[in-house]
2 protein chains.
Amino acid sequence: MTNVTTAATDPGEPPAPGPARRARGEQTRQLILETALRLFRERGYAETTMRAIAKEAGVAVGNAYYYFDSKEHLIQGFYDRNQAAHRASAEQVLADEKDFAARLRGVLHAGIDVNAPYHSFAATFFKTAAEPSSPLSPFSRESSPARDASIAIFRDVIEGSSAKLDPELRKELPELLWLGWMGVILFWVYDKSPEQRRTRRLIDGAVPLIDRLVSLSRLRVLRPALRQILALIETVRRDD
Amino acid sequence: MTNVTTAATDPGEPPAPGPARRARGEQTRQLILETALRLFRERGYAETTMRAIAKEAGVAVGNAYYYFDSKEHLIQGFYDRNQAAHRASAEQVLADEKDFAARLRGVLHAGIDVNAPYHSFAATFFKTAAEPSSPLSPFSRESSPARDASIAIFRDVIEGSSAKLDPELRKELPELLWLGWMGVILFWVYDKSPEQRRTRRLIDGAVPLIDRLVSLSRLRVLRPALRQILALIETVRRDD
DNA sequence: CACATAGCTTGAACGCGTTCAAGTTGATGT
DNA sequence: ACATCAACTTGAACGCGTTCAAGCTATGTG
């Protein structure tokens with residue numbers, strides 16, 4: 001039952017320590033998070049118990065719950081870390097390359113590179129992220145900073161590129177590419193081929209296709225279809 | 001034959017009773033399933049305990065585990081039931097209508113109609129279904145009968161219609177439409193608008209679009225793009 | 001220096017899903 | 001009639017995530 005009202009006390013973040021009281025809490029918080037992520041990597045998510053995390057970190061099990069609402073909330077740390085790594089990795093690609101297709105391809109592969117070491121338990125993470133009510137859902141309000149950061153990468157892909165495209169489409173494309181990226185991640189999570197080669201092939205195949213479709217979008221015959229797509233996005237976005 | 005290759009003992013289905021031994025087991029199985037689905041509907045999935053199901057059904061908790069591998073496996077019953085209901089509902093639409101767009105639209109709305117009463121806890125179901133290793137995943141081997149049945153609906157949508165389309169595309173389209181249907185379901189699960197109106201709008205907007213794209217696919221300028229799409233599907237399907 | 005107090009820590013206890021050794025039941029072969 | 005044995009049923013017990021009343025600790029204040 002925890003709480004039902006939307007507000008109530010909200011841990012999860014350091015419970016608002018005073019101005020400069022003690023940094024000790026933050027230290028414990030980090031210790032627990034580091035230990036948890038290490039054990040997740042070593043043993044997997046489901047196989048790592050909260051008791052084991054506490055024991056390994058040398059604290060009581062209740063202490064972990066003082067800093068994190070639940071076992072799932074420990075995943076948010078993983079999330080944030082990988083997001084930052086993707087950003088950094090993407091920036092390198094974007095600095096070197098001007099061609100739209102090459103930029104998109106580089107950014108997508110970089111994203112997979114960053115996540116690859118965690119493929120075996122990304123599935124479990126994904127499970128908890130998939131629940132719409134979960135704060136870890138990529139569509140949730142709590143995730144919106146991470147989501148915006150991710151969409152920003154795709155905006156950079158477009159804006160720094162030499163591609164010419166319809167202004168209306170240009171406005172929507174970053175979010176569409178992000179949505180496509182979510183699809184790639186979904187595919188990757190389910191990908192059981194060695195080293196997730198199918199996902200690599202999906203990227204290599206889909207990028208030229210997107211590139212071609214984006215170019216074709218300026219064709220006169222396709223103009224109505226494009227308008228129709230943009231109208232659909234608009235219609236669906238209205239949330240009433 | 002319930003189990004296939006990898007099998008050790010495989011419950012989940014009635015444990016292969018002899019030719020005409022006892023129908024008693026099947027009765028108990030049904031009783032447990034009915035009770036579980038009723039309680040899920042009344043209280044929600046997470047709030048329904050296995051103990052409560054057993055108590056309400058008048059059996060021991062261990063007995064539920066004789067017929068169902070886990071609490072999640074009870075959901076398969078829900079799955080199968082809704083699949084059958086969708087099929088039945090779709091057939092009515094398909095009997096009356098010859099136009100491709102109208103057929104597709106009718107089938108999609110029928111699918112949502114069937115699931116609508118369960119929207120509030122479909123989210124929880126979805127969570128467990130999303131885990132790739134889960135037998136409930138729509139992509140899992142265990143789900144392949146249900147998946148094939150669902151794809152068959154979309155094959156009927158195409159085959160009974162007056163639409164003319166590229167033979168190669170025709171071959172792939174049922175599966176593509178099914179994939180799109182999974183996307184609609186995903187959207188629906190996350191849809192918080194009253195009575196999931198956004199999902200209805202998504203269907204109403206996407207169907208004419210698909211109809212248009214399918215028609216356009218016979219255009220000469222789009223021929224290479226279509227080929228490219230089909231080649232991508234082929235490449236990605238190879239699982240090595 | 002002592003005290004009050006906010007920040008932090010504890011671990012027993014709860015209810016959950018799940019397991020399993022031990023039972024019961026009834027159709028079948030003799 | 002009896003024995004057999006696979007099918008079915010039982011419920012105590014296990015380990016898990018999570019909660020919470022109680023305790024500890026260091027700092028700002030009198």
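In what follows, chains carry the letters A, B, and so on, assigned in the order in which the sequence lines appear, proteins first and then strands, with residues in each chain numbered from 1.
Of all heavy-atom pairs between A:L202 and B:V236, the closest is CA-CG2, 3.7 Å.
Taking the side chain of A:Y65 as heavy atoms from C-beta on, and the options C:dT10, C:dG17, D:dT19, the nearest nucleotide is D:dT19. Of the candidates D:dT9, C:dT9, C:dG17, the closest approach to any side-chain atom of A:Y67 belongs to C:dT9.
Atoms CZ (B:F68) and C1' (D:dT9) sit 15 Å apart, rounded to a whole Å. Computed from coordinates, the B:R29 CZ to D:dT9 P distance equals 13 Å when rounded to whole Å. Atoms NZ (B:K55) and P (D:dG11) sit 12 Å apart, rounded to a whole Å. One can place CD of A:Q27 at 10 Å from P of C:dT9, the figure rounded to the nearest angstrom. Atoms CG (B:N63) and P (C:dT25) sit 14 Å apart, rounded to a whole Å.
Contact annotation: A:T28 does not reach the phosphate of C:dC8 (side-chain N/O to OP1 or OP2, under 4.0 Å). Regarding contacts with the backbone of D:dC8, a side-chain N or O of B:Y66 is found under 4.0 angstrom from either OP1 or OP2.
Contact annotation for A:V61: base contact, defined as any heavy-atom pair under 4.0 Å involving a base atom.
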Under 3.5 Å donor-acceptor pairs involving side-chain atoms of residues 172-179 of chain A, not counting sequence neighbours:
residue : atom : partner : partner atom : Å
A:E172  : OE1  : A:R237  : NH1          : 3.1
A:E172  : OE1  : A:R237  : NH2          : 3.2
A:E172  : OE2  : A:R237  : NH1          : 3.4
A:E175  : OE1  : A:R237  : NH2          : 3.1

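With sequence neighbours excluded, the residues forming a side chain to side chain contact (heavy atoms under 4.5 Å, CB included) with B:Q196 are B:H119, B:W188, B:D191, B:T199, listed by chain and number. Scored by the side-chain hydrogen bond (donor to acceptor under 3.5 Å, both in side chains) test, B:D80 finds no partners at all (sequence neighbours excluded). Every side chain to side chain contact (heavy atoms under 4.5 Å, CB included) that B:Q30 has, sequence neighbours left out, goes to B:E26, B:L33, B:E34. Partners of B:H86 under the ring-ring contact (aromatic ring centres under 6.0 Å, His included) rule, at least two apart in sequence or in another chain, are B:W181. For the side chain to side chain contact (heavy atoms under 4.5 Å, CB included) test, residues two or more places apart in sequence or in another chain that qualify with A:E42 are A:R38, A:L39.
Heavy-atom distances under 4.0 Å link DNA chain C to B:T48, B:T49, B:M50, B:R51 of residues 40-53 of chain B, given in residue order.
A centroid separation of 6.0 Å or more is found between the aromatic rings of A:F78 and A:F40.
Sorted by first and then second residue, the pairs that involve residues 105-121 of chain A and meet salt bridge (Lys or Arg N to Asp or Glu O under 4.0 Å), not counting sequence neighbours, are A:R105-A:D204, A:D113-A:R200.
End-to-end axis angle of the helix from C:dC1-D:dG30 to C:dT30-D:dA1, using five pairs per end and rounding to 10°, comes to 10°.
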